[in-house]
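Heads up: the structure comes next, in structure tokens.
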Amino acid sequence: MKQPVRIAVTGAAGNISYSLLFKIAAGEMLGTDQPVILQLVEIPQAMDKLRGVAMELEDCSFPLVHGITLHDNPFDGFKGIHYAMLVGARPRSKGMERADLLEANAAIFSEQGKALNDVANRDVKALVIGNPANTNCLILSRNAPDLDPSQFCAMTRLDHNRSLGILGNKLGVNPSDIDGVTVWGNHSPTMYPDLHNATALGESVIDQIDESWYKTEFTPRIQKRGAEIIEWRGLSSAASAAQAGLDHMRDWALGSEGKIVSMGIISDGSYGVAKGIYYSFPCICEFGSYQIVKDLEVNEYGQSMMKKTEQELLEEKAAVDHLLPADTAESRENLRTSTDGQTQFDNGVDAASAYYKADRIC
Ligand code: NAD
Ligand code: LMR
């Protein structure tokens, strides 16, 4: 039996988590042989609701769940964690401008960055799902000076999965028969879903679709799919976002089996993208780390689309620049090699006393 790994989930009483937590607990993220300890983090006002969710988790009797702990702050909740699923974020309220949203979230993610830096396991992998995900991820990473910037990701996997699903329907193939799709840039309406290097059952996709369908129907649909879901469902996407978070973390930890996946990662300057921002690139994951696929052809149209979304991320960065610690600017541009995929267990947490209570909810 493997040792349990610790997984923190923030926003654990919210909509996405109501789907995500049960999938993690069932072993869909890290495998059905990997026990987990769930460290659930919420704001103080949501702790009662969180207790209810934890009770439901307990009632499922998942054999892999070796502990559930509830926390109203990240410095407790992130102790010794190997994985962080950062779902909780401040939603946009009426009259709030994007800059206000960025600033409100900056406070949350700078605190969480400090907490990861201080108390998480040294090989922690953190995925930011809460919006605006890419810039929240930048703030998180910049506030964790002792961790490598490649230990943080922003989620663009939902956009990637949406592209596979909608393209699969168009071509009449299973989404798993498609490879080489990349979503570049920001998780926002400027993202660029690139099909130029995609294949379906080994055949070029771009040769099988109409250019005007690609540019005027498919692309805006992917870019605005979140809004389309909200319009029909009355709520933002939750189950599909949970599935995407799970897919991202599973591939990052266990490998993408040679397939290209889109991940919002620290830019190392590849494809001419400005260094130091979290930008979605085509990646292949292996041995617990990711590598950017470097040799894809990008045509003139693609380059202009990539610039536009890069520009937006640079503007978002400028809007929060006064909140970013100056001393982590340089290290985010000079990357070390990523972690080696070996999960370390020397995390200093007194597991026996803190996490193995009889009722498994503490
Ligand atoms: P929700 O409002 O149902 O739940 C969010 C939860 O986060 C709430 O329970 C809230 O109390 C909690 N929270 C807020 N601030 C927190 C903090 N500082 N620490 C811990 N918890 C905190 O929202 P949801 O539908 O679950 O969506 C969550 C986030 O995910 C939103 O920002 C949404 O826009 C984003 N999202 C991202 C993607 C993506 O592809 N990246 C897709 C869908 C949704
Ligand atoms: C999505 O892509 O579904 C979400 O980011 C939408 C949102 O605004 O929450």
Side-chain angles (χ1 to χ4, degrees), residues 8-21 39-54 70-78 84-93 96 98 101-102 104-116 126-137 139-140 143 152-163 165-166 183 185-191 193 220-249 261-264 278 280:
V9 179
T10 67
N15 281 314
I16 293 177
S17 295
Y18 198 62
S19 180
L20 178 65
L21 287 171
Q39 302 186 189
L40 311 184
V41 185
E42 259 294 347
I43 52 174
Q45 306 88 293
M47 291 307 286
D48 284 350
K49 189 174 175 196
L50 182 60
R51 176 160 283 267
V53 174
L70 312 186
H71 309 268
D72 66 4
N73 74 84
F75 285 91
D76 278 344
F78 292 174
M85 308 293 283
L86 304 179
V87 183
R90 172 87 187 275
R92 193 199 291 255
S93 46
M96 207 179 195
R98 195 165 171 88
L101 184 72
L102 285 165
N105 278 297
I108 295 174
F109 285 88
S110 52
E111 188 195 25
Q112 293 184 358
K114 291 184 183 99
L116 285 173
L127 173 63
V128 177
I129 297 177
N131 279 323
N134 299 54
T135 298
N136 288 343
C137 189
I139 294 163
L140 187 80
N143 279 281
F152 303 88
C153 283
M155 187 168 94
T156 53
R157 183 60 177 264
L158 180 53
D159 313 305
H160 183 96
N161 286 353
R162 286 167 170 164
S163 301
I166 290 174
V183 175
N186 201 2
H187 174 67
S188 83
T190 65
M191 73 180 82
R221 192 144 196 225
I222 300 300
Q223 290 171 324
K224 295 184 201 146
R225 184 65 156 185
E228 191 183 354
I229 302 283
I230 292 171
E231 205 176 302
W232 286 94
R233 191 175 171 261
L235 287 169
S236 69
S237 54
S240 55
Q243 183 62 44
L246 188 118
D247 288 344
H248 180 119
M249 199 54 107
V261 288
S262 304
M263 299 170 77
Y278 280 81
S280 182

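Note that ligands are numbered from 1 as they come in the structure, with each ligand's atoms numbered from 1 the same way. Everything numeric in this text was worked out from a predicted model, so none of it was measured. All values below were derived from every heavy atom in this structure, side-chain atoms included, with hydrogens, water molecules and symmetry-related copies excluded. If you read the sequence from its start, that first residue is 1, and numbering goes on from there.
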Q.
Can you report which non-hydrogen protein atom sits closest to atom 6 (C) of ligand 2, along with the distance?
A. G226 CA, 4.1 Å
Q: Can you pull out the closest protein heavy atom to atom 7 (C) of ligand 2? Residue, atom name and distance to 0.1 Å, please.
A: N131 ND2, 3.7 Å
Does ligand 1 have a heavy atom under 4.0 Å from the side chain of [X], from its backbone, from both, or from neither?
X    : result
N131 : both
E42  : both
I16  : both
S237 : both
Q112 : side chain

Q. With a 4.0 Å cut-off on heavy atoms, is R225 touching ligand 2?
A. no
Q) Between R225 and E228, does at least one N-O distance fall below 4.0 Å, as a salt bridge requires? A) yes
Q: Could you tell me whether D48 and R51 have a side-chain N and a carboxylate O separated by less than 4.0 Å?
A: no
Ligand 1 and [X], any nitrogen or oxygen pair closer than 3.5 angstrom?
X    : value
I129 : yes
T10  : no
A241 : no
S17  : no

Need the ligand 2 atom indices (1-based, order shown) with element for anything under 4.0 Å from a heavy-atom of [X].
X    : result
S236 : 9 (O)
R162 : 1 (C), 2 (O), 3 (O)
H187 : 1 (C), 2 (O), 4 (C), 5 (O)

**Q.** Within-shell test, S236 vs ligand 1, heavy atom, strictly < 4.0 Å
**A.** yes
Q.
Counting only heavy atoms, tell me which of A46, A13, G88 gets closest to atom 13 (N) of ligand 1.
A. G88
**Q.** Spacing of NE2 belonging to H71 relative to OG1 belonging to T10, to within rounding of 0.5 Å
**A.** 12.0 Å
Q: Would you list the pairs meeting ring-ring contact (aromatic ring centres under 6.0 Å, His included) in which at least one residue belongs to residues 222-241, sequence neighbours left out?
A: none
